[in-house]
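A quick write-up on the structure given underneath.
No experiment lies behind these values; they were computed from the predicted model shown. In each ligand, atom 1 is the first atom listed, and ligand 1 is the first ligand listed.
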Amino acid sequence: MSGVDPERWEVVIGLEVHAELSTRTKLFSSATAEFGGEPNTHIDPLTLGLPGSLPVLNARAVELAVRVGLALGCTVQRSVFARKNYFYPDQPKNYQISQYDLPINVDGSLELPSGQVVGIERAHLEEDTGKSTHIGGGGRIHEARHSLVDLNRAGVPLLEIVGRPDLRSADEARAYVAELRAVLVAVGASDGKMEEGSLRVDCNVSVRPRGSAELGTRCEIKNINSLRSLGRAIDAEAARQVALVEAGERVVQETRHWDEDDGRTHTLRSKEEADDYRYFPDPDLVEVDCDPVWVEEVRASLPLLPAARRARLVERSGASRPHAAIVCERNLDDLCLAALDAGADPERVVNHAVHNLADERAVGLDPAAFAALVAMEVDGTLTATQAKTVLAELVAAGGGDPAELAAAHGFEAMDTSELEGLVDGLIAEHPEEWQRYVEGDPRIAGFFVGRVMKATQGKADGRVVTALLDARRG
Ligand code: ADP
Ligand code: MG
């Protein structure tokens with residue numbers, strides 16, 4: 001990481017992720033929650049904050065919030081909606097309805113593919129704001145000539161997931177957001193599209209001398225809209241803070257804006273200017289107290305989550321954690337497990353899924369065809385290279401008969417006795433090299449395998465040749 005000496009400094013990161021929930025309508029009204037649309041067409045009296053309009057809680061939003069909470073191992077508790085008061089043109093009520101001291105989900109955790117477990121403090125429901133577009137002055141409000149307001153997004157349900165400061169690097173932070181997104185998508189709570197703003201990340205960063213038990217003063221970075229920006233913003237902000245402290249200055253707690261173009265963070269507002277939101281329970285809404293029986297029904301309806309899928313694959317196939325992560329991310333774990341059920345060799349199945357099945361169509365591959373192909377490889381009918389060629393064709397067609405495809409390529413099985421003859425001939429022709437092989441010189445194996453390959457035009461299986469050589473070493 002540029003500018004930060006990891007021997008001396010530890011970077012501490014805690015993320016607040018806002019996820020738009022996939023409901024049909026808004027959190028407190030029947031206006032559509034659909035993304036986009038002509039400006040100010042997805043609105044109604046409540047969205048406009050018109051006097052006399054009253055909020056009615058969207059039951060589906062509560063259900064989705066609970067699905068996420070349970071998937072994160074949170075406790076679902078009695079919750080209260082509060083008004084967070086502040087003026088902003090894209091929020092006509094002049095307050096945002098959120099949950100404050102009593103959020104619906106508390107105390108959970110998220111397991112990353114590395115095995116690291118990150119604490120979740122809370123995951124609460126709130127409404128989204130509209131969008132302002134500032135015209136002139138480079139798009140910033142203070143120099144704009146005028147501003148346009150689109151309230152289509154105002155009132156769309158959000159789940160704010162507040163993570164504990166358990167992350168220690170840009171890589172860990174990115175892995176956390178990717179995993180959280182996978183969970184949100186798996187439970188059907190969100191489409192997870194960062195590019196459409198369905199998933200938005202605020203990033204808190206602090207630094208402390210390595211070995212220190214106390215947390216340093218943090219800054220919160222806004223305006224991060226991709227995993228790449230998240231990593232860059234963390235590295236830039238950590239380097240800025242370390243440089244400050246090393247120069248004998250102090251980090252001031254503040255909100256900073258990530259500038260994608262100059263690759264730096266800039267002050268937005270300091271703590272002294274922080275808003276006083278005057279939270280109080282919203283008198284228009286009753287508290288939400290979910291029936292424990294219903295909560296258990298929701299829990300029972302959850303799909304197998306990404307971490308459990310990875311663990312299942314590791315257990316069934318002996319795959320390494322990183323390999324299991326790749327296979328599950330590609331949604332190929334069911335294919336692999338079905339191939340194992342059909343008797344395929346686990347190591348080869350996982351190897352193919354990791355190295356030869358990046359093609360999106362692989363999800364639709366017939367597991368029986370996959371297993372048959374692996375069997376041909378195991379019994380030496382096909383070399384690894386030949387198997388790869390046939391596999392690509394199976395994937396393109398969704399299945400098929402690997403034996404037929406192999407025959408069409410002229411991939412006939414090399415007769416082992418034919419190979420034996422070749423190997424014996426080579427040994428007789430090259431006594432010096434053979435002596436070195438017998439003495440265990442690892443570089444010389446390629447000499448013999450290469451010559452067999454040449455003689456057979458690549459049809460021989462390298463592993464079979466090596467086995468024959470080893471058998472002759474005695
Ligand atoms: P606030 O109520 O002011 O938003 P919180 O205590 O709720 O503050 O923390 C908000 C986020 O900041 C959480 O995601 C948390 O993990 C993170 N955070 C808190 N302290 C630190 C710190 N010293 N360094 C990095 N992140 C932090
Ligand atoms: Mg907060």
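- Both tests pass for Arg83 against the ring of Tyr95: distance under 6.0 Å to the centre and angle within 45° of the axis.
- Here is the list of ligand 1 atoms found below 4.0 Å of a heavy atom in Gly216: 23 (N).
- Of the listed residues (Asp341, Asp333, Asp334), just one forms a salt bridge (charged side-chain N to carboxylate O under 4.0 Å, His left out) with Arg316, and that residue is Asp341.
- Considering Asn204, Val251, Val118 only, the shortest heavy-atom separation from atom 12 (O) of ligand 1 involves Asn204.
- Those atoms of ligand 1 with a heavy atom of Gly163 less than 4.0 angstrom away are 13 (C), 14 (O), 15 (C), 16 (O).
- Near Arg164, meaning under 4.0 Å from any of its heavy atoms, are these atoms of ligand 1: 16 (O).
- Polar contact with ligand 1: present for Pro165 (N/O pair, distance under 3.5 Å).
- Between Ala369 and Pro402 the shortest heavy-atom distance is O-CG, 3.7 Å.
- Looking at Glu220 against ligand 1, nothing comes within 4.0 Å, counting heavy atoms.
- In the vicinity of Glu121, heavy-atom distances shorter than 4.0 Å reach the ligand 1 atoms 7 (O).
- With hydrogens and angles disregarded, a donor-acceptor distance shorter than 3.5 Å links the side chain of Asp166 to the backbone of Gly119.
- Ring geometry for Tyr279 against Tyr100 counts as parallel: the plane angle stays under 30°, on a 0 to 90° scale with 60° as the upper cut.
- Contact annotation: for Leu15 versus ligand 1, heavy atoms closer than 4.0 Å belong to the backbone alone.
- In Glu172, the CD atom is crowded: over 12 heavy atoms of neighbouring residues, nucleotides or ligands sit closer than 6.0 Å.
- Of the candidates Glu16, Arg218, Gln253, Arg218 brings a heavy atom nearest to atom 1 (P) of ligand 1.
- Contact check on Glu127 versus Lys26 returns no salt bridge, with no Lys/Arg side-chain nitrogen under 4.0 Å from an Asp/Glu carboxylate oxygen.
- The contact set between ligand 1 and Val162, taken as ligand atoms under 4.0 Å from a residue heavy atom, comprises 13 (C), 14 (O).
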